[in-house]
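What you are looking at is a predicted structure, and each value in this text was computed from that prediction instead of being measured. Residue numbers begin at 1 in each chain, while the letters A, B, ... track the order of the sequences.
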2 protein chains.
Amino acid sequence: MADINAENSHHRPELTSTGSEPGVEGPTAPVDPALVSFMELFYFAYRNFTGDPDAVLERYGFGRAHHRVLHFVHRNPGLKVAELLDILKITKQSLARVLKELRQKGFIAQRPGPDDLRERRLHLTLKGVRLTDKLTELQVRRIAHALKEAGGSADEVTRRFLVAMIEPHERDQVCSLVKCAEHRETDAKTGAT
Amino acid sequence: MADINAENSHHRPELTSTGSEPGVEGPTAPVDPALVSFMELFYFAYRNFTGDPDAVLERYGFGRAHHRVLHFVHRNPGLKVAELLDILKITKQSLARVLKELRQKGFIAQRPGPDDLRERRLHLTLKGVRLTDKLTELQVRRIAHALKEAGGSADEVTRRFLVAMIEPHERDQVCSLVKCAEHRETDAKTGAT
DNA sequence: GCAAATAAGTCAACATGGCTGACATAAATG
DNA sequence: CATTTATGTCAGCCATGTTGACTTATTTGC
């Protein structure tokens with residue numbers, strides 16, 4: 001089953017010749033190999049994280065894009081389209097496509113805004129709630145398990161890490177969206193329920 | 001600038017009617033809201049993580065797919081195509097496309113295998129090394145900064161978390177690929193170099 | 001030594017989910 | 001009433017994933 005690099009040792013290491021001036025490496029700081037492996041773990045962890053829901057979504061003819069919409073609408077009922085666009089950072093046209101499908105298949109409903117009738121406030125239907133909850137449960141389960149395996153302080157610490165990975169100018173938006181106690185270093189460890 | 005949910009309070013909460021039997025919620029376990037926010041942070045963190053290299057890659061006419069190939073070939077010189085496929089978990093045809101572009105633009109070179117001449121062992125050219133190192137530096141910098149901000153034990157703890165997020169049957173492959181001290185709970189904290 | 005298996009490349013066609021530009025409609029606002 | 005705003009929509013492009021079928025070169029097993 002092609003075990004990738006059990007045999008790494010026998011790979012001929014060197015750079016290739018194509019433009020051979022060797023050693024010209026350029027102005028790149030020497031990179032900590034421990035952090036490189038960290039990058040890789042982040043990649044593989046995220047791939048597994050998204051893998052669970054992907055499998056379910058497929059059965060509905062949906063993709064990851066639909067999942068994101070379902071999720072954020074679930075968490076922020078009555079969300080305006082413009083707000084959703086600002087969260088997802090995609091274009092109106094991209095969103096329109098998945099939104100239309102979710103609407104037509106009865107997972108999302110829109111109601112005109114209470115004050116401004118131009119707005120289409122987004123809500124999940126019961127069907128939408130059921131699906132979204134199922135997806136959430138899958139991902140939450142994986143996270144809960146990983147946190148347990150990572151040890152006691154993992155929730156708090158990893159949370160701070162994830163927040164710190166976010167660009168400062170984006171951080172406030174994300175933190176209020178996420179209802180972020182973890183920004184100001186308070187709790188976030190109390191296994192709420 | 002559409003601040004998402006400064007105004008969350010005024011969103012009309014409820015589920016929508018479309019299929020209204022209310023309370024039928026289905027067999028979904030009650031979900032810990034702290035973990036839901038964790039999911040969201042993971043999403044935003046990963047988006048930021050990939051954002052840095054994306055900007056650079058664009059200037060070369062490359063995308064994230066090219067980045068992944070460059071990265072894993074850099075880390076595993078002499079990698080066989082079949083091994084790369086097994087790492088990326090995409091199809092031969094998908095890989096072929098980006099591989100061809102990387103070859104044509106002189107970022108990757110192939111040499112026949114030393115024992116088996118059918119193999120095309122993959123190597124970065126100098127150009128490839130330069131680009132890849134630049135991308136790596138961006139991501140490593142973000143991670144290093146986030147780990148610092150997250151506090152002392154963050155590297156060790158978060159690493160364990162990320163590993164634990166990976167499906168067990170994939171874990172061994174990933175860990176040997178990643179040169180994973182972090183699997184057996186030894187070091188990995190020694191800031192090498 | 002030859003048939004079969006293997007490593008890799010390729011062609012064609014298709015889906016998803018990004019993107020741009022242009023334009024339509026309805027409601028709010030000055 | 002003119003303009004701006006919130007949303008939707010049409011048409012088309014690009015990147016990156018998919019499947020299925022087929023070629024070529026090489027290795028391997030009988």
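- Within the structure, ring-ring contact (aromatic ring centres under 6.0 Å, His included) contacts touching residues 97-119 of chain A (residues at least two apart or in different chains) are Y60(A)-F107(A), F62(A)-F107(A).
- Within the structure, salt bridge (charged side-chain N to carboxylate O under 4.0 Å, His left out) contacts touching residues 92-102 of chain A (residues at least two apart or in different chains) do not occur.
- Listed by residue number, K92(A), Q93(A), A96(A) are the residues of residues 90-99 of chain A with a heavy-atom contact under 4.0 Å to DNA chain D.
- Against DNA chain C, the stretch residues 49-58 of chain A makes no heavy-atom approach under 4.0 Å.
- Per the geometry, CZ belonging to F62(B) stands 17 Å off P belonging to dC14(D), to the nearest Å.
- dA6(D) atom C1' lies 12 Å from atom CD of E83(A), rounded to whole Å.
- Note on residues 46-72 of chain A: pairs passing salt bridge (charged side-chain N to carboxylate O under 4.0 Å, His left out), not counting sequence neighbours, are R47(A)-E170(B), D52(A)-R142(A), D54(A)-R64(A).
- Going from atom CG of L84(A) over to atom C1' of dT7(D) covers 13 Å, rounded to whole Å.
- Between its two ends, the helix from dG1(C)-dC30(D) to dG30(C)-dC1(D) turns its axis by 10°, counting five pairs per end and rounding to 10 degrees.
- For the pair V178(B) and V36(A), the minimum side-chain heavy-atom distance is 4.5 Å or more.
- The pair E149(B)-R171(A) counts as a salt bridge, with a side-chain nitrogen and a carboxylate oxygen less than 4.0 angstrom apart.
- K148(A) is linked by a side-chain contact (heavy atoms from CB on, under 4.5 Å) to nothing, counting only residues two or more places apart in sequence or in another chain.
- The ring-ring contact (aromatic ring centres under 6.0 Å, His included) analysis of residues 135-163 of chain B, with sequence neighbours excluded, yields the pairs F38(B)-F161(B).
- Every residue two or more places apart in sequence or in another chain was checked for a side-chain hydrogen bond (donor to acceptor under 3.5 Å, both in side chains) with S153(A), and none qualifies.
- Of all heavy-atom pairs spanning T132(B) and H74(B), the tightest one is CG2-CD2, 3.6 Å.
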Contact list (N/O, under 3.5 angstrom) for nucleotides 23-26 of chain D vs protein:
from	atom 1	to	atom 2	distance (Å)
dT26(D)	O2	R118(B)	NH1	3.3

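- Protein atom NZ of K80(A) is 17 Å distant from nucleotide atom C1' of dG8(D), rounded to whole Å.
- Separating the CZ atom of R64(B) from the C1' atom of dA15(D) is a distance of 11 Å, rounded to the nearest angstrom.
- None of F49(A), Y46(A), F44(A) except one satisfies the ring pair (Phe, Tyr, Trp, His ring centres under 6.0 Å) rule with Y46(B); the exception is Y46(A).
- The structure places CD1 of I166(A) at 6.5 Å from SG of C175(A), a figure rounded to the nearest 0.5 Å.
- Side-chain atoms of R75(B) and S37(A) form no donor-acceptor pair, as typed in the model, at a separation below 3.5 Å.
- Side chain of K127(B) to main chain of K105(B): a donor-acceptor pair is present (N/O by atom type, distance under 3.5 Å, no hydrogens or angles).
- Hydrophobic clustering (ILVMFWY, side-chain heavy atoms < 4.5 Å, transitive): L117(B) and L122(B) are in distinct clusters.
- The side-chain contact (heavy atoms from CB on, under 4.5 Å) test applied to A154(A) returns L147(A), A150(A), T158(A), V157(B), not counting sequence neighbours.
- The footprint of chain A on DNA chain C, defined by a heavy-atom cutoff below 4.0 Å, extends from dG17(C) to dA28(C).
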